[in-house]
Amino acid sequence: GSYTDIELAFKYDVESEPDENQLQIEIDKLQKVFITLINVTKNESSIPDECNGELITTFIGDKDSARFYKKAFAKYNINGVDKFTFVFSFGGLCFGIFNLFHRRLYKESLIWFLISILPVGLSGGILYIASAFAGAFVNPYLVYKKFKRTLVQCNSHGMTYEEKLETLKSVGGTNGFTTFLIGIVGLIVGIGIILLFIRSCFG
């Protein structure tokens, strides 16, 4: 229903006669370009929200991390149906609860924390190790479920695409405190490596 009229003006040397055949060839090329653009727009609009790369990137808040989550989300959503599958997360394995808190999944991180402190003794140690490995596979799925819940709420309120992006940005991303803490730890580690390098070189 919606369309836009586009008027094209061709300039040529007034002292020479324009080549009508060449002009028609150029017009045909432009027509193919516009047809391609229209087809691309239609294809992008037909992508489900759960697999829309721009929505995922906005929710994750970091393009590098978004690459991982795009692949993970595509495995969790098959033809519009949610399905848990094993996707390994190094951050989930090493940082577990902290990784969930960093991704602003506060309720999930609290539940995970309570589960991890309940057992004691040898069985507690074994369960803690099992919990760490579970985090490697469960954490990405929990991030996806929060993303999906947010989309459901956006759709239930009839939000526009731009409003969806704004909402995903506000509820997604990472915790500011943990981001700052990670930066400090990274700086300390970096300085430590430099000092070790200097010490190994100069004694």
Taking [X] for its side chain and [Y] for its backbone only, find out whether a donor-acceptor pair lies under 3.5 Å.
X	Y	result
Glu163	Thr160	yes
Ser65	Asp62	no
His157	Gln153	yes
Asn139	Gly96	yes

Sequence neighbours left out, what passes side chain to side chain donor-acceptor pair (under 3.5 Å) with [X]? Give chain and number order.
X	value
Thr85	none
Asp28	Gln24
Glu54	Tyr161
Thr150	none

Determine whether [X] and [Y] fall in the same hydrophobic cluster, where Ile, Leu, Val, Met, Phe, Trp and Tyr are linked whenever their side-chain heavy atoms lie under 4.5 Å apart.
X	Y	value
Phe86	Leu100	yes
Phe73	Phe90	yes
Val81	Val152	no

Compare every heavy atom of [Y] with every heavy atom of [X], then report the nearest pair and how far apart it is.
X	Y	answer
Leu168	Leu151	CD1-CD2, 4.1 Å
Leu55	Phe147	O-CE1, 3.8 Å
Asn77	Asp82	ND2-OD1, 3.3 Å

Q) Do Met159 and Thr167 pass the side chain to side chain contact (heavy atoms under 4.5 Å, CB included) test, and can you show the C-alpha distance, the side-chain angles, and the key distance before you say yes or no? A) CA-CA 9 Å; Met159 292 186 182; Thr167 302; 3.4 Å; yes
How long is the straight-line distance from [atom2] of [Y] back to [atom1] of [X], given to the nearest 0.5 Å?
X	Y	atom1	atom2	value
Arg67	Ile56	CZ	CD1	13.5 Å
Phe59	Lys169	CZ	NZ	14.5 Å
Asn155	Lys164	CG	NZ	4.0 Å
Ile188	Ile193	CD1	CD1	12.5 Å

Which residues share a side chain to side chain contact (heavy atoms under 4.5 Å, CB included) with [X], sequence neighbours left out:
X	answer
Arg149	Glu108, Lys145, Lys146
Phe68	Val87, Ser89, Pro140
Lys63	Thr57
Leu196	none

Exercise for review: Return the set of residues passing ring-ring contact (aromatic ring centres under 6.0 Å, His included) with Phe88 (not counting sequence neighbours), or none when no residue passes.
Suggested key: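 Per chain and number, Phe88 pairs via ring-ring contact (aromatic ring centres under 6.0 Å, His included) with Phe137.
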Worksheet item: Got a sec, which residues hit ring-ring contact (aromatic ring centres under 6.0 Å, His included) with Tyr141, two or more places apart in sequence or on another chain?
Response: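 Only Tyr76, Phe84 meet the ring-ring contact (aromatic ring centres under 6.0 Å, His included) criterion with Tyr141.
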message = The test is side chain to side chain contact (heavy atoms under 4.5 Å, CB included); show your working for Val143 and Ile60 and say whether it passes.
response = CA-CA 9 Å; Val143 175; Ile60 297 301; 4.1 Å; yes
Exercise for review: Return each pair, listed once, that meets salt bridge (Lys or Arg N to Asp or Glu O under 4.0 Å) where at least one residue sits in residues 89-106; pairs must be two or more places apart or across chains.
Suggested key: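 Counting only pairs at least two positions apart or across chains, no salt bridge (Lys or Arg N to Asp or Glu O under 4.0 Å) contact touches residues 89-106.
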- Query: Is Tyr106 isolated, or which residues cluster with it under the ILVMFWY side-chain rule of less than 4.5 Å, directly or via members?
  - Reply: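 Besides Tyr106, the hydrophobic cluster comprises Phe101, listed by chain and residue number.
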